[in-house]
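As a basis for the values below, the full set of heavy atoms in this structure was taken, side chains included, without hydrogen atoms, waters or symmetry mates. All of these numbers come straight from a predicted model, not from anything done at the bench.
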Amino acid sequence: MKKLITPMLKMLFITAVLLGLVSSLFGCSSTTTATTTTTTNTATQVTTTLKTTSTTTMPVSTTTSSAVVTTSTTITPPLVKPANPEIILSSTTSTRDSGLMDVLIPIFQAKTGYVVKPVYVGSGAAIALGQAGNADVMLVHSPAAEVTFMQGGYGIYRRLVMHNDFIIMGPPADPAGIKGTANPVDALKKIAASGAKFYSRGDNSGTDAMDKSLFAKAGITVKDGASTNPSWYIEGGAGTGMLDLLRVASEKGGYILTDRSTYVANQKVLTLDIMVQGDPSLLNVYHVIQVNPAVFPKVNAAGAQAFSDFMIDPATQKIIAQYGIAQYGQELFFPDFGKSESQLGSQ
C-alpha cells in the first residue's frame, strides 16, 4: 500500500507546481505605455498647438522664413454647439492681407464652435455692412466713422484691440524728394508740388480717410470720386484692397499711404521704399464692435459677443503681440486691450 501512496503524492506535488506556473504566466497583467512624439520640421515653421481636454493635439502650422516659434494655446472645445453657429465678420483688408486673421480665426472656431464668414473690405464699407444689419461684428480701423456709428446706436461694446501705424511709401528714385521727411503733411506738400503720382484707396476706408485728412492739413482738397481732384491724385475706388493698390503704386512708380502690416507682409512682391514714418499722426488703431441686436434682431448677438471677447482675451492678445516677429523680424500689430486711447495718442 505504501508503494502506491508514494507515487501518488509525487504526482500531486508535480501537478501543484505545474498549476502554479500556469497561474503565474497567465494571471499577470501587462502595462502598455503609449508615447506620442511630435516632430517640428525645419527652422521655417511656426506652430500653434491647440490642446484639448483629452490627450489629442491639433497642430496648425504656417510656413515662415525664420526660426521656429511655438505658441501653445490651451483650447477647451465647447460642450454644446452654438444654436446659431455662423458669424458674419466685416473687417478691413489689412487684417486679411497681413495674414493675422488666418491665424486667429481657426483658433476662435476650434475654441467656440462658431464658424466665421469674413467679409474683407475697406473700413467704410465694413461699417456700412454693420449699419445695414448685414454683419454681426466688425473689426475696423476708422475711429471717426466708428464714433459716428456708435452715436447712431448701430453698435455696442466698441473695444480697443490693437494698433500699428501708417507709412508713406514711394519708388526708390523718390522723384518728390520726400524720403526722411519727419512730418507727413510736409511730405504730401512736396508730392503735390512735384506732380508725382499719389495713389489713394478712394473707398472711404480707414486708410483713405487718413490720407484725405493729411492732404486737408496740407491745404489740398481731395474727395472720393471728385472731378476736381488733381490729376496726380489717383484713386483706386471701391473694391480695391490695400495690397491691390500697393501693387499698382509699385508698378507705376507712385507714392501711397498704407498700413505697415500689409506692406511688411508683402514687401517681397513690391518695389517700394518707406519714405515717411514715425509721426504720432500716423497711428492706426483697430476696434472690435458688436452690431446692436436691439436695432437688428437677426444679428447673431451671442456669436458677436463670443468673437469680441476672444479678440480681447489675454491669450489672443499674446498671439497678436508675437505675430510677425518670427517671419518678418518685427511685430505687425501691438495689442492694446486694457489701455485708454489717450495712452496711444489716438483721437
Side-chain angles (χ1 to χ4, degrees), residues 92-95 97-100 122-123 141-143 161-194 196-201 205-218 220 222 232-233 236 241-250 252-286 320-325 327-336 339 341 343-347:
T92 175
T93 59
S94 62
T95 63
D97 294 341
S98 65
L100 179 64
S123 283
H141 68 136
S142 188
V161 175
M162 60 191 182
H163 78 274
N164 56 17
D165 65 337
F166 291 107
I167 50 180
I168 297 177
M169 310 293 304
D174 189 21
I178 68 167
K179 190 166 188 176
T181 303
N183 190 319
V185 172
D186 291 340
L188 295 184
K189 287 179 179 178
K190 291 180 181 179
I191 292 172
S194 71
K197 294 177 181 178
F198 182 93
Y199 288 88
S200 171
R201 292 279 292 276
S205 62
T207 308
D208 183 60
M210 174 60 76
D211 90 49
K212 286 178 169 58
S213 171
L214 292 172
F215 272 114
K217 292 177 182 178
I220 302 166
V222 286
W232 49 264
Y233 185 83
M242 193 70 253
L243 179 56
D244 295 330
L245 200 62
L246 276 168
R247 290 178 183 274
V248 172
S250 179
K252 302 294 185 181
Y255 293 92
I256 186 171
L257 178 80
T258 180
D259 64 283
R260 187 184 296 269
S261 62
T262 302
Y263 167 68
V264 171
N266 298 279
Q267 57 186 310
K268 290 183 179 180
V269 299
L270 301 170
T271 308
L272 293 169
D273 290 346
I274 296 177
M275 298 291 166
V276 181
Q277 63 181 327
D279 189 85
S281 67
L282 296 176
L283 188 68
N284 183 29
V285 184
Y286 293 76
I320 291 171
Q322 295 175 344
Y323 182 69
I325 296 175
Q327 188 168 0
Y328 309 112
Q330 61 182 285
E331 302 94 328
L332 268 60
F333 299 92
F334 297 86
D336 289 323
K339 302 175 185 177
E341 301 210 7
Q343 289 177 292
L344 307 179
S346 62
Q347 55 184 319

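- In terms of heavy-atom proximity, A182 sits nearest to V276 at O-CG1, 4.3 Å.
- Checking T262 against D259 by side-chain atom types alone, a donor-acceptor pair falls below 3.5 Å.
- Side-chain contact check for M275 versus M169: every heavy-atom pair is 4.5 Å or farther apart.
- Residues S200 and D208 form a side-chain contact, since some pair of their non-hydrogen atoms from C-beta on lies under 4.5 Å apart.
- Residue I220 comes nearest to A192 through the heavy atom pair CD1-CB, 3.4 Å, listed as atom of the first residue, atom of the second, then distance.
- Salt-bridge formation is detected for the pair D165/R260: a Lys NZ or Arg NE/NH1/NH2 atom is positioned less than 4.0 Å from an Asp or Glu carboxylate oxygen.
- The shortest side-chain heavy-atom distance between F333 and S98 falls under the 4.5 Å cut-off.
- Between V264 and Q267 the shortest heavy-atom distance is O-NE2, 3.2 Å.
- Contacts of F215 classified as ring pair (Phe, Tyr, Trp, His ring centres under 6.0 Å), with partners at least two apart in sequence or in another chain: F198, W232, Y233.
- Between Y199 and Y255, the distance from one ring center to the other does not fall under 6.0 angstrom.
- Using a 4.5 Å cut-off on side-chain heavy atoms (C-beta onward), T258 and L246 make contact.
- Other residues, nucleotides and ligands place more than 12 heavy atoms under 6.0 Å from the NZ atom of K339.
- Judged by distance alone, with hydrogens and angles left aside, the side-chain atoms of D279 form no donor-acceptor pair with the main-chain N or O of L282 at under 3.5 Å.
- Between M162 and L100 the shortest side-chain heavy-atom distance falls below 4.5 Å.
- Shortest non-hydrogen contact noted between A187 and T181 is N-CG2, 3.9 Å.
- Of the possible polar contacts, none joining the Q327 side chain to the G324 backbone as a donor-acceptor pair under 3.5 Å is found.
- Each of S123, S94, S142 was checked for a side-chain hydrogen bond (donor to acceptor under 3.5 Å, both in side chains) with Y286, and the lone residue meeting it is S94.
- Comment: K190 does not engage D186 in a salt bridge, judged by the lack of any side-chain N to carboxylate O separation of less than 4.0 angstrom.
- D174 places a side-chain N or O within donor-acceptor distance of the main-chain N or O of K179, the cut-off being under 3.5 Å.
- By the 30° and 60° cut-offs, the orientation of the rings of H163 relative to F334 is parallel.
- By the 4.5 Å heavy-atom criterion applied to side chains, F166 and L283 are not counted as neighbours.
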